[in-house]
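Below is one structure, written out as structure tokens; the observations come after it.
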Amino acid sequence: MLPSLAVAAALLISTQVHANKELAQKNACLACHAVDKKLVGPAYQDVAKKYAGQADAMAVLTASIQKGSSGKWGAVPMPAQPAMSEADAKALAAWVLGGAK
């Protein structure tokens, strides 16, 4: 029974990772961001490093996704995603904070 539980957990995690990458693609996030290199905006891995250990990281990043931001990573502002649900914004924030793996 235990091996089946491990397989189910691995599939769930794999599905969540792909779902969050697909969510980023669907919302055009990957037009400006990449996992491991700077494009227009910072690499997701750099975002994860910047917010590592901050208690409010999830709330700050979720708000930045939904409301947009400017001045955190340079002169180019990040546009808001006001139509994105809070659940989707939180899922993206968690994925990014986890290093977008």
d(Tyr51 OH, Leu97 CG) to nearest 0.5 Å is 8.5 Å
Q) Is there a side-chain contact between Cys32 and Leu39, using heavy atoms and a 4.5 Å cut-off? A) no
Residue set satisfying side-chain contact (heavy atoms from CB on, under 4.5 Å) with Ala24, at least two apart, ordered chain then number -> Cys29, Leu30, Tyr44, Leu92, Trp95
Report all side-chain donor-acceptor pairs from residues 75-90 shorter than 3.5 Å, counting only partners two or more places apart or in another chain.
unit_1	atom_1	unit_2	atom_2	d
Gln81	NE2	Asn27	O	3.1
Ser85	OG	Asp88	N	3.0
Glu86	OE2	Lys90	NZ	3.4

* Asked: For atom NZ of Lys38, is the number of surrounding heavy atoms from other residues, nucleotides or ligands below 6.0 Å larger than 12?
  -> yes
Smallest heavy-atom separation, Gly99 atom then Val35 atom, equals O-CG1, 3.9 Å
Could you check whether any side-chain heavy atom of Trp73 comes within less than 4.5 Å of a side-chain heavy atom of Lys50, counting everything from C-beta outward? yes
Contacts satisfying side chain to side chain donor-acceptor pair (under 3.5 Å) that involve residues 53-69 (not counting sequence neighbours) are Ser64-Lys72
Between Ala43 and Lys37, the two heavy atoms sitting closest are CB-N, 3.4 Å
